Amino acid sequence: MNEALETYIKGHPIVTIFRNEENLYTVLRIKVEETNIEFKEKEIVVIGYFPHVYEEETYIFYGKFQEHPKYGRQFNVTHVRKDIPKTKQGIIQYLSSDLFKGIGKKTAESIVDLLGENAISRILENPSLLDTIPKLSADKAKTIYETLVEHQGLEKIMIGLNELGFGAALAMRIFQVYKDETLEIIQSNPYRLVEDVEGIGFSRADELGSKLGIQGNHPDRIKAACLYKLDADCMQEGHCYLEKSEFVFSVKQMLESTQPIEIPLEDIEVELLKLEEEGKVVSKEDRVYLASIFYSEKGLVNNIKRILDQKEFAESFPESEFLLALGELEDRLGIEYAPSQREAIQTALSSPMLILTGGPGTGKTTVIKGIVELYAELHGCSLDPKDYKKDEVFPFVLAAPTGRAAKRMTESTGLPAVTIHRLLGWNGSNTFDFNEENPIEGKIIILDEMSMVDIWLAHNLFKAIPDHVQVILVGDEDQLPSVGPGQVLKDLLAADLIPTVRLKEIYRQESGSTIIQLAHSIKNGKLPEDLKKPQRDRSFISCSTSQIPEVVKQVVGHAVNKGYTSKDIQVLAPMYRGPAGIDQLNKILQGIFNGKNDSDKKRRELKFGDVVYRVGDKVLQLVNQPEKNVFNGDIGEVVSIFFAKETEDKTDQLIVSFEGTEITYTRQDLSQITLAYCCSIHKSQGSEFPVVILPMVRGYYRMLRRNLLYTAITRAKDKLILCGEEESFQIAVNQTDVNFRNTTLTERLLKKMVPIKEQNQEVEITNDALAISYEEALMNTDPMIGMGDITPYDFMEEQEKVNEG
DNA sequence: TGTCCAAA
């Protein structure tokens, strides 16, 4: 990074507005002394990750301006550097400041007189120079040296890290973790970086290790390899555990791939055992878990049991009262709930927990609406938060894993909904304000898009759910799995211990939709025979990867001639790169929908990187802006462009309208949006479009998967145009094991909750919804879920252990 | 090879 070219603000802190000591996230107000950009304010708020800063010191903050929706203009700092005074006057002022206790102006002057303008670095190099200063006591000399070391320490560490080959950003992250001990720790065991610092992998640490002479089967090297491999495989593949023998072997390969030494398997097993003793991994039978994931699975199971064990909801109101209220609601909303939807609402209101699942268009949203309305009716409480006094708890808690899903919940229910992170009070370093000791408040908790929740978040969520609440989990198990490890919704359904209602009928499409038939067929692993035959609502165009741009161009051109606009048509693709990738298709599509022709030479456009934005462009928001009600995944349209000379702030501005909500972007914010004529299937999750154009070709080879195809197809409301090779569709349908995730959640739930059944004896369980035998439970388990060869005997053994403990 | 959350 070239600091000379970066925007900086030099100044000293006036007040610390916020500081998270755990990860050093800091919000400061500073007094501006100097900057290399046009900026006239005397003060500015800077945010970033800083070491401890002192009001007496001057710092140079490198970064860029940003507009915070609530707190206004602020400077987002990438790295900070201390300003070491260079002039005689500056050094005298510095040394005589309050920072150096007992040092006055006279002493400071004599130091600078004797040691010159680089007095500070000379003292740091050789503290005995201070002995030469007349009338300076040993005590004061010591104070000066120690204060200097303390305050210049960061500089030294940064330089040290630089010499080890770390750039500014990574160096700061390392410093955040180790603080003053940074260099000592890295010198003695560079492999600790793998564990402690995000963004440093095994190979990086191993290079460092080699330089420092740590090689071969050194325990630190092996341990780091184990932890890295376990973490990387779980995070990348979504596993909650790895098979031990395979795992140990892959670690061996990794260790041997860079050094010509054979590492015995036993050595790896020894270190793995040590890691277990240190509490970093958990090994059970032939499975190896990261400790955090192991305890997440376990904790989630305990908390689900705790919530399911609540019996108080079963008879909270008579059925007649429910039916009466339901009838009134149907009249009021002018709809009629289908039997399965009624069942869902009733179960939700009379059980501690419900899973509501079903594909797109099956009416999950309508059911959620029904649940909250009827809850309010039957419990005689208001749905308006304003009707509640300060100390009264609003009973309805609605949350979802993404900002956009939460926004949709708000739109469909009229109730406040937040992201799960916000609900739990995420504080930036993987911990939450709300937990078992400080649970969230509410009476009924509804969680949407549960398929996107990973095992770790699910655990943190459930442990913060208090007793005496009802929990409703909503989601579609066939959609893309969570980013993080686990497949919580799928596993909970497989265990079949939580009351579940599956919505199957489609209400959204007209009857006879062949798109839904196609989706069903793909969900079940088959391509229909009529895939390539034109249907009323879908068609198929055969072509290869290289033909995709031309085919998409023609199809879209045709649609535009028929009167469709860019709002109606969405092209979906699985990946960004390549000739049929999203980037390439967006360029072509922009040309069709919003191209530049001779007649509008004066058309306004703003160039940003490779992209030229024009008024009328369809764009996609990439980050959440909750205060502005715009979220990651929202699609909008560029409505106007203003050039720097026309605006008050003298910056280029681009205005985007998201269904009426207008947002202004300056150049710095433009990385928050991208062209959206074509977007990734992942990003499209949770949206629907009248017309979907879906290429599926060999060029997407690595991404061809059944749930991806299913997700893409189910985005189409009216028309679906498939293009590509039938073979690629077939490959996608067949690819299910790539998504296979090793988890033991289902198994744990069954162990914990299915009581031991005496031979041929009926199980007595008071709650009917929970009445289920092992055999039934195991039958219900999808073989894909990863139960392995579990027999009822396995459960008994574990149950006995639990009883003993 | 693609995807999430965010502090006054």
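Predicted model, so just to flag it, every value in this text is computed and none were measured.
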Phosphate oxygens OP1/OP2 of B:dA6: is one of them under 4.0 Å from a side-chain N or O of A:Thr419?
-> yes
A:Ser482 side chain N/O closer than 4.0 Å to the phosphate oxygens (OP1, OP2) of B:dC4?
-> no
Taken to the nearest whole Å, CG/A:Asp433 to P/B:dA6 is 13 Å
In whole angstrom, give the distance that lies between atom CZ of A:Phe631 and atom P of B:dA6.
-> 8 Å
With respect to the phosphate group of B:dT3, does any side-chain polar atom (N or O) of A:Tyr576 fall under 4.0 Å of OP1 or OP2?
-> yes
For B:dC5, does either OP1 or OP2 sit under 4.0 Å from a side-chain N or O belonging to A:Asn624?
-> yes
Grab the CZ-P distance between A:Arg706 and B:dG2 for me, whole Å please.
-> 23 Å
Would you say the side chains of A:Ser687 and A:Arg404 form a donor-acceptor pair under 3.5 Å?
-> yes
So, is A:Arg422 near the phosphate of B:dA7, with a side-chain N or O under 4.0 Å from OP1 or OP2?
-> yes
Can you name the ring-ring contact (aromatic ring centres under 6.0 Å, His included) partners of A:Tyr710, sequence neighbours left out?
-> none
Whether A:Tyr25 stacks on the six-membered ring of B:dA7 base, 5.5 Å and 30° limits = yes
Just how far, in rounded Å, is C1' of B:dC5 from CG of A:Asp448?
-> 16 Å
Can you tell me if A:His12 and A:Glu56 form a side-chain donor-acceptor pair at under 3.5 Å?
-> no
Output side-chain donor-acceptor pairs under 3.5 Å for residues 453-464 of chain A, partner residues at least two apart or in another chain, one line each.
| unit_1 | atom_1 | unit_2 | atom_2 | d |
| --- | --- | --- | --- | --- |
| A:Asp454 | OD1 | A:Trp456 | N | 3.1 |
| A:Asp454 | OD1 | A:Leu457 | N | 2.8 |
| A:Asn460 | ND2 | A:Trp456 | O | 2.9 |

